[in-house]
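Labels below follow one simple rule: chain letters A, B, ... track the order of the sequence lines, proteins then strands, and each chain is numbered from 1.
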There are 2 protein chains.
Amino acid sequence: MSMNERPLKSNEWVAQKLHLKLTSGELSPGDKLPSVVDLAAEYGVGRSTIREALSALKAKGLLDIRQGGGTYVKAPPDEPAFAQEAWLDRADSLLQLLDVRKVLETGCAALAAKHRSEADLEALDATLNEMADRLDDEIFGEQADVRLHEQIAGATHNPMLMELMKTLSERLHESMRDTRSLWFYAEHRSASRLLDEHRSIVSAIRGRDEALASSRMGQHLAKVEQVLRDKTGIL
Amino acid sequence: MSMNERPLKSNEWVAQKLHLKLTSGELSPGDKLPSVVDLAAEYGVGRSTIREALSALKAKGLLDIRQGGGTYVKAPPDEPAFAQEAWLDRADSLLQLLDVRKVLETGCAALAAKHRSEADLEALDATLNEMADRLDDEIFGEQADVRLHEQIAGATHNPMLMELMKTLSERLHESMRDTRSLWFYAEHRSASRLLDEHRSIVSAIRGRDEALASSRMGQHLAKVEQVLRDKTGIL
DNA sequence: TAGATCAGGTCGTCTGATGACTTTGCTTTG
DNA sequence: CAAAGCAAAGTCATCAGACGACCTGATCTA
């Protein structure tokens with residue numbers, strides 16, 4: 001029954017929805033949007049509301065509205081990547097990047113313990129099992145690692161944290177591209193130990209123990225950082 | 001020659017006119033614009049046209065439109081139009097916003113405990129003393145509160161965290177602009193209790209006790225959230 | 001005095017009507 | 001047959017009236 005507890009005004013809501021379709025690639029530059037009337041029907045709002053949303057997106061340079069012709073997706077203003085994530089550019093060093101990661105990941109672990117659903121647990125288990133099955137596959141191991149941390153962020157069911165983690169993770173991997181790669185999974189022993197740590201984190205999330213999940217994640221990241229320190233000169 | 005004489009659409013024309021008044025200083029940050037009805041009369045167009053123009057300017061971050069309250073000129077964004085923080089728009093609800101805040105602030109508290117300098121401590125103490133001296137000044141109390149949390153973020157010496165906190169904090173206050181205001185400092189008792197909590201957090205930071213600083217910050221925010229829940233219906 | 005109530009101002013949205021412009025497909029014409 | 005002409009449909013642009021939601025400040029009441 002409690003269907004509408006929307007903190008956002010309808011026009012903002014529509015604008016966000018459309019903005020998502022633009023950035024997520026569901027709509028590509030050059031594509032034509034449905035007519036105002038159709039959009040109004042689709043989102044269950046009036047035409048004025050749609051027009052306000054479109055005007056806002058147009059003001060941001062995302063849309064091209066042609067009278068009588070329709071509404072089209074404009075080519076992104078060239079440098080979206082740079083300006084978009086301004087906060088990331090504040091990083092003076094990899095060390096700071098890792099600190100932010102620690103903050104976000106421990107927080108995610110705690111929130112995941114609080115909000116995780118059964119489906120989240122299943123997904124986490126599946127990833128853990130895959131990791132166990134292919135302990136010696138270095139490339140796969142790293143991908144699964146990334147995926148596991150993504151899933152933990154996903155288990156918070158908080159879109160902002162997921163976005164933040166995703167962006168940070170990309171930047172982190174980019175920063176370490178040269179040095180990181182596979183050293184981490186080079187030994188069976190390391191991979192095995194990592195798996196144990198991951199399991200214990202997931203276990204805490206399963207048990208809904210926020211503090212434990214957070215601290216285990218913290219310790220895990222500290223160890224990763226330590227290895228990074230020992231095996232490479234980048235810190 | 002440039003045949004750029006295509007007649008501007010009314011809404012664009014109005015948006016340009018208003019934009020000029022903003023950038024030319026004829027309207028300064030904080031100023032209140034005429035009502036939609038008045039603007040419509042002034043420019044000889046319909047209300048929808050005015051609203052589309054306002055929506056566009058709002059999308060560019062130039063205006064603050066408050067339902068029932070009027071339209072106000074926003075402080076010009078430091079980083080011009082393009083420094084939009086995409087991650088913030090992912091928020092579906094105030095609850096999620098508060099969760100992110102908890103993650104960031106507890107993390108900041110821990111990192112502040114690790115990295116704080118003597119100068120940071122002095123600044124924190126100064127703010128605490130001011131809060132103590134003016135326990136009954138509600139407006140000042142709130143400003144000092146914001147400042148204290150900013151200083152804690154600053155004590156991490158991590159520009160990314162400072163940026164994230166600043167952006168989040170602005171958004172949070174905007175979201176709660178309506179309901180928050182001064183209820184929190186309305187009673188001497190509340191202000192006094194808050195001061196104690198803040199002192200204990202700073203104390204943990206001084207002692208370089210990361211875990212303690214983090215948990216105290218967490219408890220502090222939980223209490224704030226509880227008050228928010230009790231005193232207002234917005235959660 | 002503190003809280004409840006009320007009224008006026010203002011934003012938020014829907015809707016029907018009308019005009020302007022673009023696209024498209026069909027028809028006319030050389 | 002092909003090109004020009006034309007009419008209809010599709011779509012954006014704008015207006016005006018009506019209502020609801022929300023904020024503020026003044027008034028009333030316990």
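Atom CG of B/Asp64 and atom C1' of C/dC11 are 12 Å apart (whole Å). Counting to the nearest Å, the C1' atom of C/dG9 and the OH atom of B/Tyr72 are 11 Å from each other. The interatomic distance linking A/Glu12 (CD) with C/dC11 (P) rounds to 15 Å, in whole Å.
Listed by first and then second residue, the side-chain hydrogen bond (donor to acceptor under 3.5 Å, both in side chains) pairs involving residues 44-59 of chain B are A/Glu12-B/Lys58, A/Arg51-B/Glu52, A/Glu52-B/Arg51, A/Glu52-B/Ser55, A/Ser55-B/Glu52, B/Asn11-B/Glu52 (not counting sequence neighbours).
Between B/Leu194 and the choices B/His220, B/Arg199, B/Lys223, the side chain to side chain contact (heavy atoms under 4.5 Å, CB included) rule is met once, by B/His220.
Between A/Trp13 and A/Tyr43, the two ring planes are perpendicular [angle over 60°; tilted spans 30° to 60°].
Not a single side chain to side chain donor-acceptor pair (under 3.5 Å) links B/His19 to another residue, sequence neighbours left out.
Checked for salt-bridge contact, A/Glu210 and B/Lys102 miss the test: no charged N lies under 4.0 Å from a carboxylate O.
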Which parts of nucleotides 7-13 of chain D does protein reach within less than 4.0 Å, heavy atoms only, written one letter per nucleotide 5' to 3' as B for base, S for sugar-phosphate only and - for none? ---BBBS
